[in-house]
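No experiment lies behind these values; they were computed from the predicted model shown. Lettering follows sequence order; numbering is per chain, from 1.
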Number of protein chains: 2
Amino acid sequence: MQVATAVRVPAPARSAKVRPLRPLLHEVGRERVSCVTCNLRRICMPVDIVDPETKALFASLVSTRVRLRKGEVLFRSGEKFTGLFAIRTGSIKTVTATDDGAEQVSGYHLQGEIVGVEGIGNDVYACNAVALEDTEACTLPFDRIETLAHEDASFQRRLYRLLSSAIVRERTVTLMVGSMRAEQRLASFLLDLSNRYQARGYSPSEFVLRMTREEIGSHLGLKLETVSRLFSRFADEGLILVNGRVIRLLDRLALSQIVSAS
Amino acid sequence: MQVATAVRVPAPARSAKVRPLRPLLHEVGRERVSCVTCNLRRICMPVDIVDPETKALFASLVSTRVRLRKGEVLFRSGEKFTGLFAIRTGSIKTVTATDDGAEQVSGYHLQGEIVGVEGIGNDVYACNAVALEDTEACTLPFDRIETLAHEDASFQRRLYRLLSSAIVRERTVTLMVGSMRAEQRLASFLLDLSNRYQARGYSPSEFVLRMTREEIGSHLGLKLETVSRLFSRFADEGLILVNGRVIRLLDRLALSQIVSAS
DNA sequence: CGACTAGTTGAGGCCAGTCAATGTTGGTGG
DNA sequence: CCACCAACATTGACTGGCCTCAACTAGTCG
């Protein structure tokens, strides 16, 4: 209910000058920002940028960075599409709503991931993107993306891949929600997170969930009580350790067996 | 179970020369094929192609057409991505499978729609596309799409739109499957079909389902018995008329109220 | 005709939702 | 520092919607 509208008021002292259009976003001032030197490059924009020409192009891709506090909104559904955002630190949930008022957490995005892709062709964003913790994101203005894509074929490919991967990912979620039992969905969710943390160089067996039980449930098509019960049951069965939002996976094999069971 | 593997043997007399790589597909021989003169253009490729230069480009977009009989496969998951397909007549279901053997009908595509988009960035198709009836599809080889997109900005935009719309559509399905009750899902499915048929100039209130109850159920995350029961119940309540796969919507307002209920 | 597929309908069971009580945590102000 | 409150989380009891199993019908094809 209050998920999408939970825009906490930013600390007033933090930023003196408040922009009229995006009062909630704090631009990270003069800080030098470039994909070329970014250490998330291999996850975020895995294009070969040794070529000096490409390098020059890439240097102009990111204009500014934006800083969000927990609960603040990066973009809203229906807002004019201005570009993509790459998460540098922190994490973001995307919330999709229907006309009927139904609302669902459609995505949980970590460091190095790019959000906003569903807005590319339609001129408007199609979901709300909300910071789950203090988060920094690079802005990738769409005109620059277009230019770069037009001038560099490998980047163009990368952009296509970004979009089609999003389709495949959505489809996987649909399949999971549509054909799996609750325990399978949660196990699948945990293993997916584990893989993504591992790909980022973090421990695949211990991580902190940035979402509430209710948000996880919404994402998986379950109720919060069901999520809570399943965490407890997995813990009882020795598959995981649960300490609030800190999760340790003890038996990933067993979890994957649950996913593929019957 | 037999959904994806139900490749009926094509009539042997129909096509004398059998291609080695795609023995199941019948190319439509010398027939003149061009987007420029196609009467599905406004649905399929709504770009302005009055400009003579664009016209020339478009003339080269579609190379051949392919003819499928009911049950034949247009492309398979894992197969190398060669391009997109535009459905000229007939209809196609896309079936997505997980590693665990779980399988789900992920899409139901009508005349004028384009399938294969999820393969664009990944070099392989990510689902099986199966003809639900005798179907003709235009092949849009990816190299030509790339060329055209590079040379014509409005087509590039159209391509982005195609991809992002697919994301949004998938997300809608996820939301439906994840947060709606069975009757809401079926009502939503029927209304969606109604709208799409209307957009194609067909009756929005009477159409023929090309999928079995089981396939519909799979698409909506339900069992076939549930789908059947709901059809009967909607019919009892005077909302629809059911005669096998022929559906007539009697009260679309009531159906949309079911969708948005609670 | 027999075999098969698709669809309908009924009976019963189970998984997950609902409602409710209680515990835990983190932030705020006195 | 502690009391207090709100948000988050856990657990129990119960309900109900959908699944499962099963029987039966209708249509199709060889």
Side-chain angles (χ1 to χ4, degrees), chain A residues 1-3 5-9 11 69-71 93 102 104-105 130 132-134 176-187 208-236 240-247 258 261-262, chain B residues 1-3 5-6 8-9 11 69-71 93 102 104-105 132-133 176-187 208-218 220-236 240-247 258 261-262:
Chain A
M1 301 303 100
Q2 96 288 45
V3 171
T5 55
V7 182
R8 315 276 169 83
V9 180
R69 314 196 72 184
K70 183 177 172 182
K93 70 170 176 182
Q104 187 168 26
V105 175
V130 184
L132 291 164
E133 60 192 307
D134 290 7
M176 182 176 77
V177 172
S179 68
M180 284 184 177
R181 300 225 317 278
E183 54 174 13
Q184 296 177 298
R185 296 182 215 177
L186 190 64
V208 179
L209 296 171
R210 296 298 177 179
M211 297 205 287
T212 66
R213 303 289 190 256
E214 184 171 18
E215 288 163 335
I216 296 169
S218 168
H219 185 47
L220 301 177
L222 300 171
K223 290 292 148 183
L224 71 97
E225 295 94 331
T226 304
V227 174
S228 182
R229 267 185 254 274
L230 284 172
F231 273 135
S232 302
R233 215 180 78 198
F234 285 172
D236 286 348
I240 62 176
L241 274 180
V242 183
N243 186 5
R245 298 198 188 172
V246 182
I247 304 289
I258 286 179
S262 74
Chain B
M1 301 302 101
Q2 98 286 45
V3 170
T5 55
R8 314 280 167 83
V9 180
R69 312 198 73 186
K70 184 178 172 181
K93 69 170 177 182
Q104 187 167 27
V105 174
L132 291 164
E133 60 192 307
M176 182 177 75
V177 172
S179 68
M180 284 184 177
R181 301 224 315 281
E183 53 174 13
Q184 295 177 298
R185 295 183 215 177
L186 189 65
V208 178
L209 297 171
R210 297 297 178 180
M211 297 205 287
T212 66
R213 303 288 190 260
E214 183 170 18
E215 287 164 335
I216 296 168
S218 168
L220 302 176
L222 301 171
K223 290 292 149 183
L224 68 98
E225 295 94 330
T226 305
V227 174
S228 181
R229 269 185 252 273
L230 284 172
F231 273 134
S232 302
R233 214 180 79 199
F234 284 172
D236 285 349
I240 61 175
L241 273 181
V242 183
N243 185 5
R245 299 198 187 171
V246 182
I247 304 289
I258 286 179
S262 77

Gap between atoms CZ and P, on B:Arg213 and C:dG7 respectively (whole Å): 5 Å
Heavy-atom pair of closest approach, residues B:Val227 and B:Gly217: CG2-CA, 3.6 Å
Sugar-phosphate only, base, or nothing, as touched by B:Gly217 at under 4.0 Å among non-hydrogen atoms: nothing
Value in whole Å for how far the C1' atom of D:dT28 lies from NZ of B:Lys70: 10 Å
Donor-acceptor pair (no angle test) under 3.5 Å: B:Arg229 side chain, C:dG10 base: yes
Among C:dT9, C:dA16, D:dT10, the nucleotide that comes nearest once only the side chain of B:Ser228 is considered: C:dT9
Phosphate OP1/OP2 of C:dT8 contacted by B:Ser232 side-chain N/O (<4.0 Å): no
Residue closer to the 5' end of DNA chain C, A:Asn243 versus A:Arg233 (nearest nucleotide): A:Arg233
Value in whole Å for how far the P atom of C:dG7 lies from CD1 of B:Ile216: 8 Å
Between C:dA6 (C1') and B:Leu132 (CG): distance, integer Å: 15 Å
Nearest to side-chain heavy atoms of B:Thr226, which nucleotide of C:dG17, D:dC18, D:dT10: D:dC18
Base D:dC8 paired with A:Glu215 side chain (donor-acceptor, <3.5 Å): no
side-chain contact (heavy atoms from CB on, under 4.5 Å) partner of B:Leu220, the single match among B:Thr226, B:Leu230, B:Val105, B:Leu186: B:Leu186
Minimum-distance nucleotide (side-chain atoms of A:Arg181 versus C:dC15, C:dT8, C:dG17): C:dC15
Atom-to-atom span, CE of A:Met211 to C1' of D:dA7 - whole angstrom: 17 Å
Basic-acidic side-chain contact under 4.0 Å: B:Glu183, B:Arg181: yes
Spacing of A:Arg210 atom CZ relative to D:dC8 atom P, expressed in whole Å: 15 Å
Whole angstrom value for the distance that separates P of D:dT10 from CZ of A:Phe234: 14 Å
Candidate list A:Arg69, A:Arg210, A:Lys70, test side-chain hydrogen bond (donor to acceptor under 3.5 Å, both in side chains), partner A:Glu133, passing option: A:Arg210
Sugar-phosphate only, base, or nothing, as touched by A:Leu224 at under 4.0 Å among non-hydrogen atoms: base
Under-3.5 Å donor-acceptor pair between A:Glu225 side chain and C:dC19 base: yes
Sugar-phosphate, base or nothing in reach of B:Arg245, heavy atoms under 4.0 Å: sugar-phosphate
For atom CG of B:Asp236 and atom C1' of C:dT8, their distance in whole Å: 12 Å
Flag side-chain contact, heavy atom, 4.5 Å: B:Glu215 against B:Leu224: no
A:Thr212 side chain near D:dC8 phosphate (N/O to OP1/OP2, under 4.0 Å): no
